[in-house]
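Comments concern the structure below.
All residue numbers in this chain count up from 1 along the given sequence.
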Amino acid sequence: MDFKDKSIPEAILGYGPFMAEPYYGHRARLYYEDLYTQPDKMAEVILRANDLGMNAINLVNDDNILKAFDLACDNGCEMKVIATIGKSDVDYLNPNYEVACEVDWENDIELFSGYDTPVMLVDEFITDAYKWNLTSKILNSINDSGSLSGIVTAFPYRTTDLLKDNLDMDLFDFYMIPLNSFAYMMDTPSFLKAQREEFRSRILELNKKIIACRIFSVGIQTPHEAFTFLSNLDFVDLITFGVASEDEIKKDMEVLKSF
């Protein structure tokens with residue numbers, strides 16, 4: 001996708017399995033041992049994804065993940081970075097938003113300015129703390145850095161309803177939201193046809209580029225189910241999904257390329 005003089009790949013490799021995020025349940029421990037603590041293994045997955053046509057990666061300021069990405073780049077990987085700014089180590093399942101907002105986001109912006117980073121996104125725990133002045137300050141700093149800016153939310157319904165009355169909508173262009181047919185990790189009990197139509201109207205009113213995340217419902221849905229669902233949503237501009245192995249990315253990309 002070309003937007004405001006930036007070229008942004010429409011499929012983005014996510015960092016969830018690399019970070020062994022706790023929402024993966026029992027698999028998180030396996031991801032921690034097999035990926036997070038072994039940057040060389042992460043680098044192999046990143047390289048394989050790039051070889052298969054994945055040309056962007058969502059990164060956070062984490063030593064192991066950055067080591068893996070740098071190692072992949074040293075071995076020929078060419079990926080644009082979609083950076084998440086202000087990622088903290090608060091408990092995802094029971095987040096302390098006050099602590100999340102104390103993260104050194106300025107250092108993150110400076111760090112990712114050293115990569116090919118067309119877009120930087122404010123982390124969901126900052127966005128969803130609803131400290132609008134802080135979010136605005138970070139967005140302004142991202143814009144000053146030369147990257148395009150956006151926000152991430154874990155609450156696509158609640159946050160969407162709050163944005164226009166609390167945030168200068170001209171400050172950002174991208175909006176990352178969890179989106180899947182099971183409504184998994186979305187702030188709604190279901191996401192059926194009528195609800196999707198109503199939600200579509202809310203999203204289109206924002207006039208933002210939408211990045212769909214958690215599209216596989218953390219492994220509950222198959223890639224074919226997820227991509228079929230998303231292909232019928234005309235408000236989605238980009239997608240991001242994580243993988244835990246070279247075999248997974250191979251299978252996922254084969255399915256994605258069929259759409």
Over all atoms of both residues, closest heavy-atom pair of [X] and [Y]:
| X | Y | result |
| --- | --- | --- |
| P178 | P156 | CG-CD, 3.8 Å |
| A212 | V236 | CB-CG1, 4.0 Å |
| G146 | K6 | O-NZ, 2.9 Å |
| A244 | Y31 | CB-CE2, 3.4 Å |
| F69 | C77 | CE1-SG, 4.4 Å |
| L47 | G76 | CD2-C, 4.4 Å |

- Chi angles and distances behind the side-chain contact (heavy atoms from CB on, under 4.5 Å) call for L139, L167: CA-CA 10 Å; L139 290 170; L167 198 60; 4.1 Å; yes
Under a 3.5 Å threshold, yes or no: a donor from one side chain and an acceptor from the other, between [X] and [Y]?
| X | Y | result |
| --- | --- | --- |
| Q195 | S190 | yes |
| T159 | Y130 | yes |
| T37 | N64 | no |

Rounded distance [0.5 Å steps], [atom1] in [X] versus [atom2] in [Y]:
| X | Y | atom1 | atom2 | value |
| --- | --- | --- | --- | --- |
| S145 | L148 | OG | CG | 9.0 Å |
| I151 | S136 | CD1 | OG | 9.5 Å |
| K87 | I65 | NZ | CD1 | 8.5 Å |
| M54 | R48 | CE | CZ | 12.5 Å |
| R214 | M186 | CZ | CE | 11.0 Å |
| F125 | T127 | CZ | OG1 | 10.5 Å |

Let me check something: do [X] and [Y] share a hydrophobic cluster, defined by ILVMFWY side-chain heavy atoms less than 4.5 Å apart, either directly or through other members?
| X | Y | answer |
| --- | --- | --- |
| M19 | M185 | yes |
| I249 | I82 | no |
| I220 | V255 | yes |
| W105 | V119 | no |
| V152 | L59 | no |

- Item | Pairs satisfying salt bridge (charged side-chain N to carboxylate O under 4.0 Å, His left out), at least one member in residues 31-44, at least two apart |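 Sorted result for residues 31-44: R29-E33.
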- Query: What salt bridge (charged side-chain N to carboxylate O under 4.0 Å, His left out) pairs are there with at least one residue in residues 151-168, not counting sequence neighbours?
  - Reply: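 Residue pairs with at least one partner in residues 151-168: D161-R202.
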Less than 4.5 Å apart, any side-chain heavy atom of [X] and any of [Y]?
| X | Y | value |
| --- | --- | --- |
| D128 | Y97 | yes |
| S181 | F191 | no |
| V45 | M42 | no |
| I215 | F229 | no |
| P9 | K80 | yes |
| Y115 | D70 | yes |
| I85 | V122 | no |
| I239 | F227 | yes |

Does the [X] side chain pair with the main chain of [Y], one donor and one acceptor, at a distance under 3.5 Å?
| X | Y | answer |
| --- | --- | --- |
| R27 | V218 | yes |
| S147 | I142 | no |
| T228 | H224 | yes |
| N143 | L171 | yes |
| K257 | L52 | yes |

Does [X] pair with [Y] as a salt bridge, N-O distance under 4.0 Å?
| X | Y | result |
| --- | --- | --- |
| E197 | K193 | no |
| E102 | K131 | no |
| K209 | E10 | no |

- Item | Derivation of the salt bridge (Lys or Arg N to Asp or Glu O under 4.0 Å) call for E254 and K250 | CA-CA 6 Å; E254 286 175 351; K250 181 177 182 296; 2.7 Å; yes
- Query: R200 and D234: side-chain contact (heavy atoms from CB on, under 4.5 Å), yes or no, with the steps?
  - Reply: CA-CA 9 Å; R200 173 181 180 273; D234 63 357; 2.8 Å; yes
- Task: Could you note down all residue pairs passing side-chain hydrogen bond (donor to acceptor under 3.5 Å, both in side chains) where residues 53-63 supplies at least one of them, sequence neighbours left out?
- Result: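 Counting only pairs at least two positions apart or across chains, the side-chain hydrogen bond (donor to acceptor under 3.5 Å, both in side chains) contacts touching residues 53-63 are Y36-D62, N50-N55, N58-T84, N61-D108.
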- Task: Would you mind listing every ring-ring contact (aromatic ring centres under 6.0 Å, His included) that reaches into residues 166-186, with sequence neighbours excluded?
- Result: F3-F174
- Item | Contact list for residues 145-167, test ring-ring contact (aromatic ring centres under 6.0 Å, His included), sequence neighbours left out | Y157-F199
- Query: D237 and I8: side-chain contact (heavy atoms from CB on, under 4.5 Å), yes or no, with the steps?
  - Reply: CA-CA 10 Å; D237 300 285; I8 306 156; over 6 Å; no
- Is the CG atom of N207 crowded by more than 12 outside heavy atoms at less than 6.0 Å? no
- Query: Around D144, counting heavy atoms of other residues, nucleotides and ligands shown, do more than 12 lie under 6.0 Å from its CG?
  - Reply: yes
- Query: For S245, which residues count as a side-chain contact (heavy atoms from CB on, under 4.5 Å) partner, sequence neighbours excluded?
  - Reply: D247, E248
- Message: Go through it in stages, so that I can follow the logic: the residues are L233 and L230, the test is side-chain contact (heavy atoms from CB on, under 4.5 Å), and I'd like the CA-CA distance, side-chain angles, deciding distance and then a yes or no.
- Response: CA-CA 5 Å; L233 300 180; L230 291 171; 4.1 Å; yes
